[in-house]
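This one's a predicted model, so the numbers in the text were calculated from it and none came from an experiment. Just so you know, these numbers use all the heavy atoms, side chains as well, and skip hydrogens, waters and symmetry mates.
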Amino acid sequence: MKASNLQLGVNIDHVATIREARGTDYPDPVEAAGIVERAGAHGITVHLREDRRHIQDKDVFALRESIGTRLNLEMATAPEIVDIALRLRPDEVCLVPERREELTTEGGLDAAGMSQDLAGPVQVLKHAGAVVSLFIDPDPWQVTATAELGATCLEFHTGTFCDATGAAADLELDRLIAAARQAHQLGLQVNAGHGIHMRNIGAILEMPHLDTLNIGHSIVARAVMVGMHTAVSEMLGEMAAYRGGRAESA
Ligand code: PXP
């Protein structure tokens with residue numbers, strides 16, 4: 001049986017959330033990123049929000065200089081943020097919807113409804129050399145629109161599944177599995193993220209064709225208890241069980 005080569009991108013936004021809560025210069029996201037990398041993660045993910053509630057401009061540029069794995073910038077398509085991305089040159093960008101009042105990214109991008117607004121940023125960022133990903137809900141029309149926009153990759157919003165229980169969770173997982181198959185058929189790299197933790201990762205690993213999971217809150221929360229190195233190692237340990245997800249016939 002094929003060994004797992006599922007990748008982990010660790011979202012370190014909430015290291016900065018703790019710093020911003022007191023306006024201190026600690027904890028330092030750059031130091032956290034180093035520990036995350038030494039623990040074996042495959043990339044560092046940050047969301048430079050327009051309201052700068054956690055990660056700041058200086059953080060993304062310092063991370064660009066310091067990290068040896070991949071830098072994945074989650075971002076809205078606001079012109080100011082696109083300009084920063086073009087100067088920063090992250091390895092990957094993940095376009096996300098953003099609303100000021102939300103606690104975290106709620107729901108995926110409406111790639112189908114906003115294709116005209118997204119086409120420019122997708123092309124500009126691709127041209128700058130970034131792998132461009134769209135953060136979408138697992139709806140067939142969103143997958144089709146993502147492929148039509150010329151994105152290389154997509155990230156399925158797993159939050160609805162992670163919040164659901166019982167039969168609703170089973171239905172959400174089926175949606176994620178079907179959408180992952182469709183995305184793979186269309187030649188898109190399949191990533192997933194949002195709300196993943198040590199108790200639901202087993203079900204997430206039923207998704208086929210997974211390349212990368214982007215996980216933040218639960219790893220930073222666990223790091224408070226056991227340290228960042230251990231928190232990342234524990235998640236990688238769970239991910240090592242990945243064998244390509246639920247079989248097509250199942
Ligand atoms: N992927 C995307 C696109 C996100 O917006 C977020 C949250 O910033 C994550 C992954 C990580 O989600 P969580 O912090 O719930 O693990």
Side-chain angles (χ1 to χ4, degrees), residues 3-20 25-49 52 54-75 81-96 124-135 151-155 189-194 196 198 201 210-224 226-242:
S4 169
N5 50 10
L6 180 58
Q7 313 256 303
L8 173 63
V10 177
N11 180 316
I12 57 168
D13 290 349
H14 295 310
V15 174
T17 301
I18 296 172
R19 180 192 62 194
E20 296 303 311
D25 60 2
Y26 63 87
D28 179 9
V30 169
E31 188 181 352
I35 301 169
V36 165
E37 290 186 310
R38 287 193 291 282
H42 306 87
I44 303 295
T45 295
V46 284
H47 185 174
L48 184 67
R49 293 184 64 98
R52 306 299 200 276
H54 37 55
I55 291 291
Q56 306 294 312
D57 301 38
K58 65 175 191 291
D59 295 322
V60 293
F61 286 99
L63 286 164
R64 176 69 295 180
E65 290 300 311
S66 73
I67 69 171
T69 57
R70 299 191 310 254
L71 178 61
N72 173 29
L73 182 71
E74 293 175 2
M75 54 177 279
I81 304 289
V82 173
D83 279 354
I84 292 172
L86 293 175
R87 282 189 284 121
L88 180 68
R89 298 197 166 260
D91 303 285
E92 300 167 23
V93 297
C94 181
L95 302 182
V96 300
V124 164
L125 291 160
K126 266 180 84 171
H127 194 248
V131 169
V132 177
S133 177
L134 266 53
F135 185 52
T152 325
C153 184
L154 50 66
E155 179 171 328
Q189 179 183 314
V190 179
N191 298 345
H194 213 284
I196 301 174
M198 293 291 279
I201 178 97
L210 280 176
D211 183 278
T212 299
L213 297 180
N214 284 307
I215 308 179
H217 183 267
S218 70
I219 290 180
V220 176
R222 181 75 178 142
V224 172
V226 298
M228 186 62 97
H229 194 286
T230 302
V232 172
S233 302
E234 285 177 354
M235 190 57 81
L236 284 167
E238 294 297 315
M239 288 168 57
Y242 189 57

Taking N214 for its side chain and G193 for its backbone only, find out whether a donor-acceptor pair lies under 3.5 Å.
no
Under a 4.0 Å threshold between the charged nitrogen and the carboxylate oxygen, would D28 count as salt-bridged to R19?
no
Side chains of N11 and T45: is there a donor and an acceptor less than 3.5 Å apart?
no
side-chain hydrogen bond (donor to acceptor under 3.5 Å, both in side chains) against E234, all qualifying residues, sequence neighbours excluded:
R222
Do N191 and D211 have side chains that approach each other closer than 4.5 Å (heavy atoms only, starting at C-beta)?
yes
Side-chain donor-acceptor pair under 3.5 Å between E37 and T69, yes or no?
yes
Answer yes or no: is there a side-chain heavy-atom contact under 4.5 Å between E92 and T212?
no
Under 3.5 Å: donor-acceptor pair, side chain of S218, backbone of I196:
yes
Distance-only donor-acceptor pairs under 3.5 Å for side chains of residues 81-89, two or more places apart:
{"residue": "R89", "atom": "NH1", "partner": "A128", "partner atom": "O", "Å": "2.6"}

May I ask you to test the V46-L73 pair for a side-chain heavy-atom distance under 4.5 Å?
yes
Between Q56 and H54 (side chain of the first, backbone of the second, donor and acceptor by atom type, cut-off under 3.5 Å), is there such a pair?
yes
Short side-chain to backbone donor-acceptor contact, D91 and L71, under 3.5 Å:
yes
